[in-house]
Amino acid sequence: MGAFRTPTREAWEAAARKALKDRPLEELTRRDPDGLAIALLYTADDGGEALCAPRAADADGRAWDLRMTVEADSPAEANAEALADLQNGAASLLLSGAVLADPDPLVAALQGVALELAPVGLGAGLDGPDAANALAVAAKGAPRARLMFHMDPLSAFAVCGGAPRPIAEHLTLAANTAARHAGAYPEADFFLASGQVVHEAGGSNAQELGFAAASALAYLKAGVEAGLPLERAARGLWLGLTVDAVYFDALAKVRALRRIWAGLTAPLGLTLPARIEARSSRRMLAARDPWPNLLRLTAAGFAGAVGGAEAIVLEGFTRAAGRPDAFARRQARNTQLVLMEEAHLGRVDDPAAGSWFLDARSRDLAAAGWAEFRRIEAEGGLAASLLAGAFQARVAEARAALETAHAGGGQPLVGVTRFIDPEPRPAPVVPLPTLPAPLGQIAPLSPLPLVAGLEEAAR
């Protein structure tokens, strides 16, 4: 057999022009909400030198940390869910709800959980310091306890549209809490610098990346001002992103955040690798017919795994309608277990490396996220930008464009706008508590129930 001919861009362009009947090739290039060009063909000239952004380390012998959320107000219910998760494949937990309000219910919720082996994180919003104190009590002074306070007052401030006290005081309180517990718990993590609230509000990838980077810088500054060494403040920080069913963009976004973190910390003299927690998107979930959500969540888990997130959180497929029941939680665990132990997605470090498209896309998103980060810092930092409403105004533009794109049918969704099941099989859920009204101090980054809203419109 003769050797295969090496195709050239010129040959492809000639074939493409013929297929387009001499319409311009530019019609094949689209632009994302950040204005970044996405071409139909990528070559070595586009990808540049292979980009390598692997995980810093494995998770106790596994490719990544399989992390589960526990949303409960009853200590007994929280404990049952926590133990079921840990006994069936989860490596760590994220707790939220009324169990975080006081040490006693939190101690009861964590009965039988070995905090030296299973990291436990918190999602307490503006009450993060109080919840951190409660978790410290529950750990009983064990120096090897792997506590994740996950304090993120800036995200809570943005979602709530304000705070009980000035946001600067909330930052100081969170940092002081971290400094107070750093000595007793040397393995503890303090802050979560996440862009999740931006994604859920309809923001773009670059806006999510810029928000996460600006949050990280704010928490590092606050930690140092509270007396933490810079290296300890950085070591106690997780970065957070959202992954959805647009898996190429999602995995490139995870890789981009790793580059942004390196660019942020190198001038500070730090060489600590990023630790990234990837959470599944809520705005992509359907409520009326939740079963196709299993496909979306699998795609999101794929993106987090291939993108190299250190921890992946997939919520239950019924989360748009309420708190997932035991079956939905089992599906969330098993989806990750299949991706990890049967698909072996963690066997290769950064499998996207060398893909001309994914390397170019990762670089483009990193540059766009860095530009948004610099824009936020030029506005005085994230807190100042939120107080002035500048950042929210940019997110509002991206949100409107996203809603328009979906309403026009340009992005079809299985089970929502295409192949709709007229009588979907019901899936049981536990009702969610009513969210408090925004405080009205700033324009809030309110969650956008994008897919659930499209379902209502279709009905």
Side-chain angles (χ1 to χ4, degrees), residues 67-74 77-78 80-82 84-85 88 90 93-99 123 125 159-160 196-197 199-202 242-246 250 278-301 303-304 312-336 399 402-403 406-407 411-438 444-459:
R67 192 164 289 175
M68 288 292 294
T69 57
V70 176
E71 300 177 272
D73 295 327
S74 160
E77 180 184 356
E81 290 186 358
D85 287 336
N88 290 281
L93 304 170
L94 291 175
L95 272 64
S96 61
V99 294
V159 170
C160 296
Q196 181 185 16
V197 297
H199 171 90
E200 300 297 356
T242 309
V243 286
D244 59 14
V246 187
R279 299 197 193 190
S280 59
S281 166
R282 289 182 178 178
R283 80 183 191 196
M284 73 173 180
L285 298 180
R288 172 185 171 272
D289 182 5
W291 301 98
N293 290 338
L294 290 167
L295 301 175
R296 299 183 184 102
L297 288 163
T298 301
I312 300 177
V313 184
L314 297 185
E315 293 194 298
F317 71 100
T318 57
R319 184 56 177 74
R323 285 179 177 169
D325 68 353
F327 174 74
R329 297 178 61 79
R330 179 163 64 88
Q331 292 299 315
R333 290 192 306 267
N334 288 352
T335 297
Q336 287 208 56
R399 177 179 179 133
L402 180 67
E403 291 180 299
H406 279 278
Q411 301 184 27
L413 295 164
V414 173
V416 180
T417 60
R418 298 280 182 88
F419 312 109
I420 301 171
D421 187 346
E423 297 181 0
R425 182 159 55 98
V429 295
V430 179
L432 289 166
T434 303
L435 294 175
L445 290 179
S446 301
L448 171 64
L450 180 65
V451 174
L454 290 172
E455 284 185 308
E456 288 298 319
R459 293 175 66 185

query: Step by step, would you call L297 with Q331 a side chain to side chain contact (heavy atoms under 4.5 Å, CB included)?
result: CA-CA 10 Å; L297 288 163; Q331 292 299 315; over 6 Å; no
task: Dump the intermediate steps for side chain to side chain contact (heavy atoms under 4.5 Å, CB included) on E315 and T69, then the final yes or no.
output: CA-CA 7 Å; E315 293 194 298; T69 57; 4.1 Å; yes
Nearest heavy-atom neighbours spanning [X] and [Y]:
{"X": "A427", "Y": "F317", "result": "CB-CE1, 4.3 Å"}
{"X": "S280", "Y": "E200", "result": "O-OE2, 4.2 Å"}
{"X": "I312", "Y": "G301", "result": "CD1-O, 4.0 Å"}
{"X": "A286", "Y": "A320", "result": "O-CB, 3.6 Å"}
{"X": "A332", "Y": "L314", "result": "CB-O, 3.4 Å"}
{"X": "R288", "Y": "E455", "result": "N-OE1, 2.9 Å"}

message: Assess whether a salt bridge exists between R323 and E81, defined as any Lys/Arg side-chain N lying under 4.0 Å from an Asp/Glu carboxylate O.
response: no
Could you tell me the separation between the [atom1] atom of [X] and the [atom2] atom of [Y], rounded to the nearest 0.5 Å?
{"X": "D85", "Y": "R67", "atom1": "CG", "atom2": "CZ", "value": "13.0 Å"}
{"X": "R283", "Y": "H199", "atom1": "CZ", "atom2": "NE2", "value": "4.0 Å"}
{"X": "L450", "Y": "M284", "atom1": "CG", "atom2": "CE", "value": "11.5 Å"}
{"X": "L94", "Y": "E71", "atom1": "CG", "atom2": "CD", "value": "10.0 Å"}
{"X": "W291", "Y": "D421", "atom1": "CH2", "atom2": "CG", "value": "11.0 Å"}
{"X": "R296", "Y": "L413", "atom1": "CZ", "atom2": "CG", "value": "5.5 Å"}

message: Strictly distance-based, threshold 3.5 Å: is any side-chain N or O of R319 a donor or acceptor partner for the main-chain N or O of R282?
response: no
task: Check whether any side-chain heavy atom of V70 sits under 4.5 Å from a side-chain heavy atom of R329, and report yes or no.
output: yes
message: Does any part of the side chain of L402, heavy atoms only, come nearer than 4.5 Å to the side chain of L448, both counted from C-beta?
response: yes
